Amino acid sequence: MEFVVLVLERFFNKAREDATRIMLHVHHHGVGECGIYTYEIAETKVTQVMDFARKHQHPLQCVMEKK
């Protein structure tokens, strides 16, 4: 859970309280929204998060969806 909060703070510029709220939502519902971005920015953030998770051997998944 702490890893997810770290990712939300680092890559999505969330405050600790917001990151914790989103993490708990993901924990209880399996999915959550980190933000709304242009396609290019969202694509970059997904790549950064997935690379970071892989580097730390964490099974975190991050995807982008059209809204």
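Keep in mind that what you see is a predicted model, and the values were worked out from it rather than measured. Excluded from the calculations below are hydrogen atoms, water molecules and symmetry mates; all remaining heavy atoms, backbone and side chain alike, are included.
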Can you get from Val31 to Met1 by hopping between Ile, Leu, Val, Met, Phe, Trp and Tyr side chains that sit under 4.5 Å apart?
-> no

Roughly how far, to the nearest 0.5 Å, is the CZ atom of Phe11 from the OG1 atom of Thr44?
-> 12.0 Å

Linking I/L/V/M/F/W/Y whenever any side-chain heavy atoms sit under 4.5 Å apart, do Val46 and Val49 land together?
-> no

Under 3.5 Å, side chain of Lys45 to main-chain N/O of Phe12, donor-acceptor pair present?
-> no

Kindly indicate whether the side chain of Thr20, heavy atoms from C-beta on, has any atom under 4.5 Å from the side chain of Arg16.
-> yes

With under 30° as parallel and over 60° as perpendicular, where do the rings of Phe3 and His56 fit, or are they tilted in between?
-> tilted

Find out whether Phe52 and Leu6 are in side-chain contact, i.e. whether some heavy atom of one side chain is under 4.5 Å from a heavy atom of the other.
-> yes

Passing option when Ile22 is tested against Val5, Val7, Val4, Leu8 for side chain to side chain contact (heavy atoms under 4.5 Å, CB included) | Leu8

Flag the pair Tyr39 / Met64 as yes when at least one side-chain heavy-atom distance between them is below 4.5 Å, and no otherwise.
-> yes

On a heavy-atom basis, the closest approach of Met50 and Cys62 is SD-N, 3.3 Å

Judged by atom type as modelled, is there a donor-acceptor pair below 3.5 Å linking the side chain of His28 to the main-chain atoms of Leu24?
-> yes

So does Arg21 pair up with Glu33, basic N to acidic O under 4.0 Å?
-> no

